[in-house]
2 protein chains.
Amino acid sequence: MTATTRTRLSPQERRSQLLDLGVRLLATRSLDELSIDVLAEEAGISRGLLYHYFGNKHAFHEAVVRRAADDLIAQTAPPVDGDPIERLLISVTAYVDYVVANYEGYLSLVKGAAGGNDTLREIYDEARSALTDRVFREDAQAGSGLGTIITDTPTNRLLVRGWSAMSEELVLTWHAHPTGVSRDELIAIMATSLPALVAAQPDA
Amino acid sequence: MTATTRTRLSPQERRSQLLDLGVRLLATRSLDELSIDVLAEEAGISRGLLYHYFGNKHAFHEAVVRRAADDLIAQTAPPVDGDPIERLLISVTAYVDYVVANYEGYLSLVKGAAGGNDTLREIYDEARSALTDRVFREDAQAGSGLGTIITDTPTNRLLVRGWSAMSEELVLTWHAHPTGVSRDELIAIMATSLPALVAAQPDA
DNA sequence: TGCCGTTATTGAACAAGTGTCAATATACTG
DNA sequence: CAGTATATTGACACTTGTTCAATAACGGCA
C-alpha cells in the first residue's frame with residue numbers, strides 16, 4: 001500500500017522486530033492461527049524473509065514462545081536479599097501482576113506450550129522451573145524462613161511443582177471469572193499455600 | 001496395499017472407531033499434528049469420510065477431546081455413600097489409577113484441551129468441574145468430615161479448582177519422571193493437600 | 001438366489017498455507 | 001561514486017484442509 005521500497009535492517013534488528021511482533025500477535029490469536037502469512041503481512045515483509053530467519057514455522061513458534069517465557073522470567077525476578085518468606089511474597093506478587101498486565105499473551109503462552117510440541121512443552125517447563133527453583137535456591141542460602149521448612153526432597157520437589165501449576169490456575173481463573181476475591185487476597189492465598197502444603201505432609 | 005475392497009460399517013461403529021483412533025493417536029502427537037491425512041491413512045479410509053462424519057477438522061478434534069473427557073468422568077465416579085473424607089480418598093485413588101492406566105489417552109485430553117480453542121477448553125473445564133464439584137456436593141449432605149471444613153465460598157471454590165490443577169500436575173509428573181515417591185504416598189499427598197489448603201486460609 | 005434401493009464411501013478437484021531458491025535491490029566501503 | 005556483500009523478494013512446487021458428484025457395499029424384497 002504505502003511504499004514499495006524495501007527497508008533493509010541488520011539481522012539482529014529484524015529478528016528482534018519479528019519476535020516482538022510474534023509475541024504481540026499471539027495475544028489476539030492462538031499459536032496455530034499465527035500463520036507465516038499473517039505475520040509477514042503484519043510486519044510488512046515477504047514470507048521468504050521469515051524462512052530466512054527461522055527456517056520453518058515450528059522454529060518460529062518456538063522462538064516466539066521462548067521469548068515470551070524469557071520475558072516472564074525476567075519480569076518476575078525476585079530481589080536477591082531479604083527474608084525468604086517475604087521474597088516469596090514479592091515473587092508471587094510480581095507473577096500475579098505480570099499475568100494481569102499481559103493476560104492475553106500469557107494465556108497464549110500457556111495454551112500454545114501445553115498443546116504443542118514436546119519442544120514447546122520443554123520451554124514452558126523450563127520457565128516454570130526457573131520460577132519455582134528459586135524457592136530451593138532461596139532455601140539453601142538462608143537458615144530461617146522457608147529454609148527451615150522446605151528441604152530438597154522428592155516429595156517437596158513434587159509439591160512445589162504442583163503448587164506452581166495451582167498458582168497458574170488460580171491467577172487465570174481469578175482473572176477470567178472475577179468473584180469477590182481481591183488481588184491481595186489472591187496473592188495471600190498463593191503465598192500461604194506453599195508452606196501449608198509442605199507442612200501438611202507427614203514426611204518432612 | 002492390502003485390499004482394495006472398501007468395508008462398509010454402520011455409522012455408529014465407524015464413528016466410534018475414528019474417535020478411538022483419534023484419542024490413541026493424540027497421545028503420540030500434538031493436536032495440530034493430528035492431521036486429516038494421518039488419521040485417514042491410519043484408519044484405512046479416505047479423507048472425505050472424515051468430513052462426512054465430523055464436518056471439519058475442528059469438530060473432529062472437539063469430538064475426540066469430548067470422548068476422552070467422558071471416559072475420565074465415567075471411570076472415576078466416586079461411591080455415593082460413606083465418610084466424606086474417605087470418599088475423597090477413593091476419588092483421588094480412582095483418579096490416579098485412571099491416569100496411570102490410560103496415561104496416553106489422558107495426556108491427549110490435557111494436551112488437546114489446553115492448546116485448543118474456547119470450545120475445547122470448555123469441554124475440559126466441564127470434566128474437571130465434574131470431578132471437583134463432587135467435593136462440594138459431598139459436603140452438602142454430610143455434617144462431618146469435609147463438610148465441616150470446606151464451605152462454599154469464593155475463596156474455597158478457587159482453592160478447589162487450584163487443587164485440581166495441582167493434582168493433575170502431580171500425577172502427570174509423578175508418572176513421567178518417577179522418583180522415590182510411591183503410588184500410595186502420591187495419593188496421600190493429594191488427599192491431605194485439599195484440607196490443608198483450605199485450613200491455611202485465614203478467612204474460613 | 002438374485003436384483004434393487006439406500007447410503008456409506010470414495011477420489012478427483014479446488015483453496016489455502018507451507019517451504020524453496022535464484023534473482024534483485026539496498027546499505028555500506030574503499 | 002562505483003563495487004560488493006547480503007538482506008530481501010517473488011514466483012514456483014508441495015502439503016493439507018475442504019467440497020461434491022460418482023461409486024459400490026450391504027440389507028431387504030421378490
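Here is how names work: the chains are called A, B, and so on, in the same order as the sequence lines, proteins then strands, and each is numbered from 1. The figures that follow rest on heavy atoms only: side chains count, while hydrogens, waters and symmetry mates do not.
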Taking DNA chain C as the partner, which of residues 23-41 of chain A come within under 4.0 angstrom of it by heavy atom? A:S35, A:I36, A:D37

Between C:dT10 and B:Y51, is there an OP1 or OP2 to side-chain N/O distance shorter than 4.0 Å? no

Here's a test of your reading of the structure: between B:T7 and B:N56, which maps to the more 5' nucleotide of DNA chain D? B:N56

Using atom CG of A:L9 as one end and atom C1' of D:dT6 as the other, report the distance to the nearest whole Å. 13 Å

Rounded to whole Å, the CD-P distance (B:Q12 to C:dA8) equals 11 Å

Nucleotide C:dT9, atom P - distance to CD of B:E13 in whole Å: 9 Å

Tell me the interatomic distance from B:L49, atom CG, to D:dC20, atom P, rounded to whole angstroms. 17 Å

Residue pair B:I85 / B:L89, side-chain heavy-atom distance below 4.5 Å: no

Indicate yes or no: at least one non-hydrogen side-chain atom of B:V100 is less than 4.5 angstrom from one of B:Y106. no

In plain terms, say whether A:E126 and A:R66 are close enough for a salt bridge, that is, a side-chain N and a carboxylate O under 4.0 Å apart. no

B:S35 and B:D37: side-chain donor and acceptor closer than 3.5 Å? no

Integer-rounded Å distance: D:dT18 C1' and B:H58 NE2: 14 Å

Between atom CZ in B:F54 and atom C1' in C:dA8, what is the gap in whole Å? 14 Å

Protein-nucleotide distance (A:K57, atom NZ; D:dT16, atom P), rounded to Å: 12 Å

Verify, without hydrogens or angle tests, whether B:S108 (side chain) and B:V23 (backbone) share a donor-acceptor contact under 3.5 angstrom. yes

Sequence neighbours excluded, every pair satisfying salt bridge (charged side-chain N to carboxylate O under 4.0 Å, His left out) that has a member inside residues 107-119 of chain B: none

Compare the minimum distances between each of C:dT9, D:dG17, C:dG19 and the side chain of A:R47, then state the nucleotide with the smallest one. C:dG19

One thing to verify: whether B:E169 and A:R128 come together as a salt bridge, which I'm taking to mean a side-chain N less than 4.0 angstrom from a carboxylate O. yes

For a quick check of understanding: with a heavy-atom distance under 4.0 Å over all strands, which category does A:Y53 fall into, base, sugar-phosphate or nothing? sugar-phosphate

Contact list (N/O, under 3.5 angstrom) for nucleotides 3-7 of chain C vs protein:
from  : atom 1 : to   : atom 2 : distance (Å)
C:dT7 : O4'    : B:R8 : NH2    : 3.3
C:dT7 : O2     : B:R8 : NH1    : 3.1
C:dT7 : O2     : B:R8 : NH2    : 3.3

Do NZ/NE/NH1/NH2 and the carboxylate oxygens of A:D133 and A:R161 come within less than 4.0 Å? no

Could you give the CZ-to-C1' distance, from B:R14 to D:dC26, as a whole number of Å? 13 Å

Counting heavy atoms from C-beta on, name the nucleotide in D:dA25, C:dG11, D:dT8 closest to the side chain of B:R6. D:dA25

Checking B:R14 against B:Q17: is there a side-chain donor and acceptor pair closer than 3.5 Å? yes

